[in-house]
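Here the structure comes first, spelled out in C-alpha cells, and everything after it is commentary.
Along the sequence shown, the residues carry numbers beginning at 1. What you see below is based on every heavy atom in this structure, not just the backbone, and it leaves out hydrogens, waters and symmetry mates. Since the model is a prediction, treat every value here as computed from it, not as a measurement.
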Amino acid sequence: MSDFSTSHIALSGLESFQLGSSLLPRVWSGLWQLSSNAWGTAPLPRIREAMARHVGIGYTAFADHYGSAEIIFGQFRRSLPPDQHVFGATKWCVFTNIELSQELVEAAVKERMERMQTECIDLLQFHWQDYSDKGYLRALEILEGLQADGLISALGLCNFDSIRTDEICTQLGPGVISSNQVQFSLIDTRPLHGMADVCEKHGIRLLCYGVLCGGFLSDIWLNKPMPDRYSNKLTPSQRKYLDIIVGAWGDWQLFQDLLIVLKNIGDSYGLSVSNIATRWVLDHSFVGAVIIGTRLGISEHIDDNRRVNDFRLNDNDKAALEVVLNRSSGRHIITTIGDCGAEYR
C-alpha cells in the first residue's frame with residue numbers, strides 16, 4: 001500500500017504533495033498554449049509578468065514542452081533570485097520509429113536542459129507512441145541511468161495506459177517512475193478503471209490535464225447553447241473536449257445538468273463551477289496535481305484556482321454528482337476510446 005498523503009506548503013498555504021525529492025503545489029500551470037497562436041498570443045514581457053504573478057502566490061510548478069514553452073520557462077527561471085525555486089516539468093516524446101541508442105537519448109535530454117537553461121531537469125515525462133515496439137523499456141532504462149548521473153531529478157510517463165505503466169514500473173523497480181500525466185475529469189473518468197490500482201501498487205501519482213475540459217466546466221457555459229465545434233471562437237482544446245462531451249460522454253443537455261449540479265454545490269461553498277470540478281479530481285488519492293492550462297497574458301484565473309485549497313467535497317456533494325454521471329456514458333469511455341492515452345495512438 002502506498003502513502004498518498006498530502007500537506008500544505010507553509011509559506012503559501014497551498015495544498016502540496018511529494019514528487020521525488022520535491023514538495024510541490026497540487027495545482028500546476030500548463031504552458032501548452034505556447035504551441036500555437038490558435039490559443040491567442042501575448043507579448044513575451046506580458047507572459048513573463050503573468051508567470052511572475054503565478055509564482056508570487058505559490059504556483060511554482062509549470063509544465064510542458066510545446067513550441068517555445070521550454071525556452072520561455074528557462075529564461076524566466078534564470079531571471080529569478082537564486083533562492084526562488086520554480087519547478088519545471090517537460091517531456092521527451094517519441095512519435096516515430098527510431099534507432100535507439102545511449103547517444104540519442106542523452107542528446108534528447110541535453111536538448112531539454114539547454115532549452116530550459118538547467119543542469120538538471122526537475123521532471124522529464126516520457127511518451128512513446130508505438131506500443132508494439134518495446135523500445136520504450138530500453139529508453140527508460142537509459143533515462144534511469146541519466147537520472148543516476150544527475151541530469152534528471154524525477155522521471156515520469158505521459159499518456160501511458162494501465163498495462164504498460166504496470167509493465168514499466170515492474171521492470172524498472174520501485175521508486176524509478178514518479179508520475180504519469182493523463183487526462184482525468186468528471187467527463188473522462190478512465191483513470192478510475194485500472195490506472196488508479198496501478199498507481200496504488202507502484203506508488204506513483206497522476207498529473208492530470210483536461211480537468212476543466214478546455215474551460216467547458218465553468219460558470220461561463222451554464223445555460224448556454226452548444227457552440228459550433230467548427231467556430232473560430234473555440235480554441236483547439238475546446239474543440240477536442242466538445243467532441244468528447246457530446247460524442248462519447250452524453251449530450252449537451254446532460255452536460256448542462258452537470259453544470260447545474262456543480263453550480264449548486266459551488267454556491268453552497270461560495271465557489272465556482274471550476275473549483276468544484278477541480279476539487280473532484282484532487283479528492284482522488286492517486287492524483288498528485290492538476291495541470292490547468294493558462295493563456296498567460298491573455299486569460300488567467302489564478303485567484304479562482306487558488307480557492308480549491310480551502311475545502312473538500314462531502315459525501316452529499318459527491319452523491320449529487322454521481323446521479324448525473326450515472327446517466328452519462330462516462331464509465332464506458334474506456335471501452336469506446338480506449339485506456340488513458342489511446343486517443344493519441
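There is no path of hydrophobic side-chain contacts, each under 4.5 Å, that joins I276 to V323. No continuous path of hydrophobic side-chain contacts links I71 to W92 [ILVMFWY only; heavy atoms under 4.5 Å]. Placement of I334 and V211 in two distinct hydrophobic clusters is found when ILVMFWY residues are connected by side-chain heavy-atom separations under 4.5 Å, directly or transitively. I177 and I163 fall into different hydrophobic clusters, where Ile, Leu, Val, Met, Phe, Trp and Tyr are joined by side-chain heavy atoms under 4.5 Å apart, directly or via other members.
The two residues P25 and A289 come nearest to each other via the heavy atoms O-CB, 4.1 Å. What you find for S179 and L207 is that their closest heavy atoms are OG-CD1, 3.8 Å. Nearest approach of V281 to S185, heavy atoms of both residues: CG2-CA, 4.0 Å. Shortest non-hydrogen contact noted between T118 and C120 is OG1-O, 2.8 Å. The two residues W28 and L24 have their closest heavy-atom pair at CZ2-CD1, 3.6 Å. Across every non-hydrogen atom of N159 and N180, the tightest pair is N-OD1, 3.4 Å.
No donor-acceptor pair closer than 3.5 Å links the side chain of Q75 to the backbone N or O of I72. Judged by distance alone, the side chain of T189 and the main-chain N or O of L192 form no donor-acceptor pair under 3.5 Å. For R112 (side chain) and L124 (main-chain N/O), no donor-acceptor pair under 3.5 Å exists by modelled atom type. At distances below 3.5 Å, at least one donor-acceptor pair connects side-chain atoms of K224 with backbone N or O atoms of I220.
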Might you work through the salt bridge (charged side-chain N to carboxylate O under 4.0 Å, His left out) test for R331 and E322, ending with a clear yes or no?
CA-CA 11 Å; R331 304 296 193 238; E322 282 299 316; 2.8 Å; yes

Full working for side chain to side chain contact (heavy atoms under 4.5 Å, CB included) between Q181 and K91:
CA-CA 10 Å; Q181 182 178 323; K91 296 175 183 173; 3.6 Å; yes

Intermediate values then yes/no, salt bridge (charged side-chain N to carboxylate O under 4.0 Å, His left out), R312 and E15:
CA-CA 12 Å; R312 299 290 185 278; E15 191 175 348; 3.3 Å; yes

Criterion side-chain hydrogen bond (donor to acceptor under 3.5 Å, both in side chains) on D188 and Y241, from CA distance to verdict
CA-CA 10 Å; D188 184 354; Y241 291 114; over 6 Å; no

I'd like to know whether L172 forms a side chain to side chain contact (heavy atoms under 4.5 Å, CB included) with E141, so could you lay out the CA-CA distance, the side-chain angles of the two residues, the decisive distance to 0.1 Å, and finally the verdict.
CA-CA 7 Å; L172 296 183; E141 289 175 348; 3.8 Å; yes

Verify salt bridge (charged side-chain N to carboxylate O under 4.0 Å, His left out) between R190 and D339, making sure each step is shown before the conclusion.
CA-CA 6 Å; R190 286 177 293 170; D339 199 359; over 6 Å; no

Chi angles and distances behind the salt bridge (charged side-chain N to carboxylate O under 4.0 Å, His left out) call for D228, K233
CA-CA 9 Å; D228 178 359; K233 295 181 180 180; over 6 Å; no

Should Y136 and E167 be marked as a side-chain hydrogen bond (donor to acceptor under 3.5 Å, both in side chains) after you check the CA-CA gap, both sets of side-chain angles, and the distance that decides it?
CA-CA 11 Å; Y136 57 84; E167 173 192 30; 2.5 Å; yes

Between Q183 and E343, does a side chain to side chain contact (heavy atoms under 4.5 Å, CB included) hold up when you go through it step by step?
CA-CA 10 Å; Q183 189 168 287; E343 63 271 34; 4.0 Å; yes

Evaluate side chain to side chain contact (heavy atoms under 4.5 Å, CB included) for F286 paired with E200, printing each intermediate quantity in order.
CA-CA 7 Å; F286 54 86; E200 174 70 22; over 6 Å; no

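Relative orientation of the Y209 and Y344 rings is tilted, given thresholds of 30° and 60° on the angle between their planes. The aromatic rings of W221 and W252 lie perpendicular to each other, with more than 60° between the two planes, well past the 30° mark. Classified by interplanar angle (parallel below 30°, tilted 30° to 60°, perpendicular above 60°), the ring pair H85/F87 is perpendicular.
Contact annotation: the side chain of E99 never approaches that of L104 to less than 4.5 Å [non-hydrogen atoms, C-beta and beyond]. For the pair L143/V109, a side-chain contact is recorded, criterion being any heavy-atom separation below 4.5 Å from C-beta on. Under the 4.5 Å side-chain criterion, counting only non-hydrogen atoms from C-beta, L254 is not in contact with L258. Side chains of I98 and V94 form a contact here, defined as non-hydrogen atoms less than 4.5 Å apart. Residues S218 and S272 fail the side-chain proximity criterion, which asks for heavy atoms closer than 4.5 Å. Within the 4.5 Å cutoff, the side chain of C158 has no heavy atoms near those of the C93 side chain.
W249 and S328 share a donor-acceptor pair across their side chains, judged by distance under 3.5 Å alone. Between the side chains of H127 and Q125, no donor N or O sits under 3.5 Å from an acceptor N or O. In this structure, a donor-acceptor pair under 3.5 Å is absent between the side chains of T278 and N275.
With respect to F255, the side-chain contact (heavy atoms from CB on, under 4.5 Å) criterion is satisfied by exactly one of L242, V246, I187, L186: I187. Paired with D317 under the rule side-chain contact (heavy atoms from CB on, under 4.5 Å), one option of N264, I265, L262 passes, and it is I265.
In summary, R77 and D122 engage in a salt bridge, as defined by a charged side-chain N under 4.0 Å from a carboxylate O. D161 has no carboxylate O lying under 4.0 Å from a charged side-chain N of R345, or vice versa, which leaves the two without a salt bridge. Ion pairing between a basic and an acidic side chain is recognised when a charged N comes within 4.0 Å of a carboxylate O; R279 and D283 show such pairing. K110 has a carboxylate O that lies under 4.0 Å from a charged side-chain N of E106, or vice versa, which qualifies the two as a salt bridge. Here D243 does not pair with R239 in a salt bridge; the nearest charged N to carboxylate O distance is not below 4.0 Å.
Heavy atoms of other residues, nucleotides or ligands lying less than 6.0 angstrom from CG of D315 number 12 at most. More than 12 heavy atoms of other residues, nucleotides or ligands lie within 6.0 Å of CD in Q84, so this atom counts as buried by the packing criterion. Under a cut-off of 6.0 angstrom, the local environment of CD in E114 is sparse, with at most 12 non-hydrogen atoms contributed by other residues, nucleotides or ligands.
Note: R115 CZ to I121 CD1 = 11.5 Å, rounded to the nearest 0.5 Å. To the nearest 0.5 Å, atoms CD1 (I245) and NZ (K240) are separated by 11.5 Å. The CG atom of D219 sits 4.5 Å away from the NZ atom of K263 when rounded to the nearest 0.5 Å. From L313, atom CG reaches atom CG of N316 across 11.0 Å, with rounding to the nearest 0.5 Å. Taking CG of L140 as the start and CH2 of W128 as the end, the distance is 9.0 Å to the nearest 0.5 Å. In this structure, CD1 in I292 is found 8.0 Å from OG in S274, a value given to the nearest 0.5 Å.
Relative to the six-membered ring of F17, R205 misses at least one condition, a distance below 6.0 Å or an angle of at most 45° to the axis.
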